[in-house]
Amino acid sequence: ETGAQLVHLKENYPKMNELLEGRAFFRYLEINTLDKGTLAEYDKVYDKITYSNGKNGVSSKRVSRNLQKVTPGKWSGCNDLSGTVRHEIGHAVQHRISGSTRRNWNVVYGSMSTKTISKQISKYGSKNAQEAFSESFAMYTSPVYKSSSKKLPKDVDNYFKNLLGA
């Protein structure tokens, strides 16, 4: 699933290759026991994504239902395994950006209320700037985003348009 999402991102977003250049975090995927209810996580120290092995109460048969608990926003494009993969890739991308690009995200995030983030991005995204970034990244890069009537806040949409080149 991660490989398929990376192919989608690289084919549809011109700046993804630049953002991921020289990085191979997708080579360092692990299946392991995570905190109860956690489906996946990005580890910036080791530059890897870890997925649940099901020993934390998350089985593959219950992914959709558990994703509703983990990401309780109203965004249907992210309430599946593909959305979780894109969310974790979003953490990896955010870890790689710096300078004015990082500052621009902080300005965009700081301009939104927790209520706006909860309603227009997701409740989980209202947790902090990093989760808002990753939830927004997962939404923006969803194959259904451009044809969907539900959109990110305009400043967030423009931020990702500039970041990803599409």
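Because the structure is a prediction, the values reported are computed rather than measured.
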Taking all non-hydrogen atoms of both residues into account, name the closest pair between G83 and A138 and its distance. O-CB, 3.7 Å
If every non-hydrogen atom of S118 is compared with every non-hydrogen atom of S126, which pair is closest and at what distance? OG-OG, 3.3 Å
Verdict with supporting geometry, V108 and F160, side chain to side chain contact (heavy atoms under 4.5 Å, CB included): CA-CA 11 Å; V108 169; F160 282 99; over 6 Å; no
Measure the spacing between CG of L152 and CD of E135 and express it to the nearest 0.5 Å. 10.5 Å
Please report the closest heavy-atom contact between K150 and Y145, naming both atoms and the distance. O-CE1, 3.9 Å
Using atom types as modelled and distance alone, determine if a side-chain donor or acceptor of R102 lies under 3.5 Å from a backbone N or O of R96. no
Rounded to the nearest 0.5 angstrom, the CZ-OG distance for R103 and S98 is 8.5 Å
Going by atom types only, do H91 and H95 share a side-chain donor-acceptor pair under 3.5 Å? no
With heavy-atom distances below 4.5 Å as the criterion, would you say the side chains of P153 and I117 are in contact? no
Atom pair OG/CE of S136 and M112 - distance to nearest 0.5 Å: 6.0 Å
The single option from V93, L164, N12 that satisfies side chain to side chain contact (heavy atoms under 4.5 Å, CB included) with T141 is L164
Which word best sums up how the rings of F137 and F133 line up, parallel for under 30°, tilted for 30 to 60°, or perpendicular for over 60°? parallel
Short question: side chain of W105, backbone of Y159 - any donor-acceptor pair under 3.5 Å? no
What distance separates K151 NZ from Y140 OH, expressed to the nearest 0.5 Å? 9.0 Å
Spatial distance of atom OG1 (T114) from atom NZ (K123) [nearest 0.5 Å]: 13.5 Å
Report the C-alpha separation of Y109 and V156 in whole Å, then their side-chain angles, then the decisive distance to 0.1 Å, and conclude whether the side chain to side chain contact (heavy atoms under 4.5 Å, CB included) test is met. CA-CA 8 Å; Y109 174 76; V156 175; over 6 Å; no
Closest non-hydrogen atom pair between G90 and S134, with its separation: C-OG, 3.5 Å
First locate atom CE of M139, then atom CZ of R86, and finally report the distance between them rounded to the nearest 0.5 Å. 10.5 Å
